[in-house]
Amino acid sequence: MRIAVFSTKRYDREALERANRSHGHVISYFEPRLTSETVVLARGYDAVCPFVNDQVTAPVIAALAEGGARLLTLRSAGFNHVDLRAAHEHDVVVTRVPAYSPHAVAEHAAGIILTLNRKLHRAYARVREGNFSLDGLLGFDLRGRTVGVAGTGKIGTVFCRIMAGFGCRVVAHDPYPSDEVRELGVEYVELGALFERSDIIALHLPLTPETHHLVDAEAIERMKKGVMLINTSRGGLVDTRAMIDGLKSGKVGALGLDVYEEEADLFFEDLSGTVIQDDVFARLLTFPNVFITGHQGFFTREALDNIAGTVLANASAFEKGDGDLHVVTLEEVRGRS
Ligand code: NAI
């Protein structure tokens, strides 16, 4: 197939080239994001491969279909950036990479917890400045703490196992509870109870119209004073302004983010020489108890190779009408992915 890859970085290209040795597709790499301005680049391609911050909106899908594209082979697990209804209307099949390394994201979430709890980000800077004072670096034992996991799919399950390994009490919420998770000793509870009981809350559920701003002012109000919240899923799950109020009042004791509501204008680019225009994001950066990474949860060697392999295997399966095709269906928009 002729495949147009958008938002390409060097590491994407290298992984896709390695994987393509066993597929033989004709791949063109475009650095810009897929938007209504850049969609013209995809004209004449059979398949398009977007990334998480590409704008795969209804007009973009209409233009892709008009230009001959029949397949959107997403190189992500999440698909909230795609208008699935429009894809359905234009007979464009959407596939994703359902599991490339749940360990990558779950381990990153655990790393953020350790960083925030033991203030490793501050300790690193201090020691380099020759400041060996421990004032302000006091943490707590994870053992015995209650960790609330919202979403126990592939990533949430691995995360539950990691936190159980630290000796934490793990409670979870998911409309589809899993026996595998129960066997780890995890207790399923309602979302409200999860908010009320947890010392640390981690989000591992997809962003859908129903889960948008799942963590809002009301949810924060129900949480324990000093709660730590970790979001490695999608920025839109958290109302950032409400979170800033929670941080200012001390209700939220620590915030760890790998994703941000308005990340599309920031993440994956080197903006170190420019002035950040997003005042909400800039405010987040001023808190000593906020730790942010730029959507790097997925970024391990194993994950990149699995992503590239599945993206191209989806294209091959679509082309040949044979093999595993990981189609995203409209059902999944309703939250079961
Ligand atoms: P998954 O599809 O295996 O699991 C998602 C789980 O969330 C399912 O068990 C589902 O039943 C549950 N869920 C749906 N609605 C819910 C609700 N209202 N409350 C509680 N649970 C709900 O997905 P996976 O692979 O575990 O990924 C989770 C999310 O992580 C993805 O949707 C994606 O947004 C994000 N992600 C982030 C990455 C990063 O680099 N930071 C990389 C990969 C995924």
Side-chain angles (χ1 to χ4, degrees), residues 7 9 11-12 51-53 74-82 84 95-113 148-162 170-182 186 188-195 198 201-216 219 230-238 256-261 263-264 266-268 291-304 306-307 310-311 326-329 331-337:
S7 298
K9 301 285 182 204
Y11 45 81
D12 296 313
F51 196 45
V52 289
N53 290 326
L74 310 183
R75 59 180 194 284
S76 57
F79 46 83
N80 52 284
H81 53 305
V82 181
L84 290 180
T95 59
R96 66 177 184 130
V97 185
Y100 42 84
S101 173
H103 303 278
V105 185
E107 289 170 13
H108 190 67
I112 294 176
I113 291 173
V149 184
T152 54
K154 288 173 284 295
I155 295 170
T157 299
V158 176
F159 180 76
C160 285
R161 191 172 295 122
I162 293 173
V170 184
V171 296
H173 175 73
D174 194 307
Y176 301 89
S178 114
D179 289 340
E180 185 187 349
V181 168
R182 279 207 179 97
V186 174
Y188 277 101
V189 297
E190 287 305 315
L191 192 60
L194 185 150
F195 289 151
S198 305
I201 296 172
L203 306 180
H204 295 295
L205 68 163
L207 175 63
T208 65
E210 287 73 37
T211 62
H212 181 255
H213 284 187
L214 183 93
V215 177
D216 57 7
I230 309 296
N231 185 10
T232 59
S233 278
R234 284 294 179 268
L237 293 171
V238 175
L257 301 179
D258 186 46
V259 287
Y260 168 61
E261 281 189 271
E263 70 177 51
L266 297 167
F267 287 5
F268 304 118
F291 180 74
I292 304 176
T293 52
H295 208 138
Q296 71 174 79
F298 73 100
F299 201 52
T300 66
R301 267 184 217 101
E302 292 79 359
L304 283 187
N306 288 339
I307 290 169
T310 308
V311 160
H326 302 100
V327 178
V328 186
T329 63
E331 283 307 300
E332 290 177 290
V333 187
R334 296 179 194 113
R336 181 67 189 156
S337 61

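For clarity, every value in this text was computed on a predicted model and none was experimentally measured. First listed ligand is number 1; within each ligand, the first listed atom is number 1. Counting begins at 1 with the first residue of the sequence.
- In this structure, the side chains of Arg234 and Val52 come closer than 4.5 Å at one or more pairs of heavy atoms.
- The side-chain contact (heavy atoms from CB on, under 4.5 Å) search around Asn306 returns Tyr100, not counting sequence neighbours.
- Atoms of ligand 1 found under 4.0 Å from any heavy atom of Thr211, numbered from 1 in the order shown, are 18 (N).
- Near Gly297, meaning under 4.0 Å from any of its heavy atoms, are these atoms of ligand 1: 40 (O).
- Short contacts between ligand 1 and Asp258, defined as distances under 4.0 Å to a heavy atom of the residue, involve ligand atoms 39 (C), 40 (O), 41 (N).
- Close contacts between ligand 1 and Tyr176 involve ligand atoms 11 (O) [criterion: under 4.0 Å to a heavy atom].
- Among Ser178, Pro175, Gly156, Ser233, the residue whose heavy atom sits closest to atom 13 (N) of ligand 1 is Pro175.
- Glu263 and Asn53 share a side-chain donor-acceptor pair at under 3.5 Å.
- A distance below 6.0 Å separates the ring centres of Phe298 and Phe51.
- Considering only residues two or more places apart in sequence or on other chains, Ser178 meets the side-chain contact (heavy atoms from CB on, under 4.5 Å) condition with Glu180, Val181, Tyr188.
- Side-chain contact between Thr152 and His204: absent, with no pair of heavy atoms (C-beta onward) separated by less than 4.5 Å.
- Listed by atom number, the atoms of ligand 1 under 4.0 Å from His295 heavy atoms are 39 (C), 40 (O), 41 (N).
- Which parts of ligand 1 touch Gly151 is read off a 4.0 Å heavy-atom cut-off, strictly below it: atoms 7 (O), 20 (C), 21 (N).
- When the heavy-atom distances from atom 8 (C) of ligand 1 to Asp174, Leu194, Thr293 are ranked, the shortest goes to Asp174.
- Distances below 4.0 Å separate heavy atoms of Tyr100 from the following atoms of ligand 1: 42 (C), 43 (C).
- Interface atoms of ligand 1 facing Val105, defined by a heavy-atom separation under 4.0 Å, are 38 (C), 42 (C), 43 (C).
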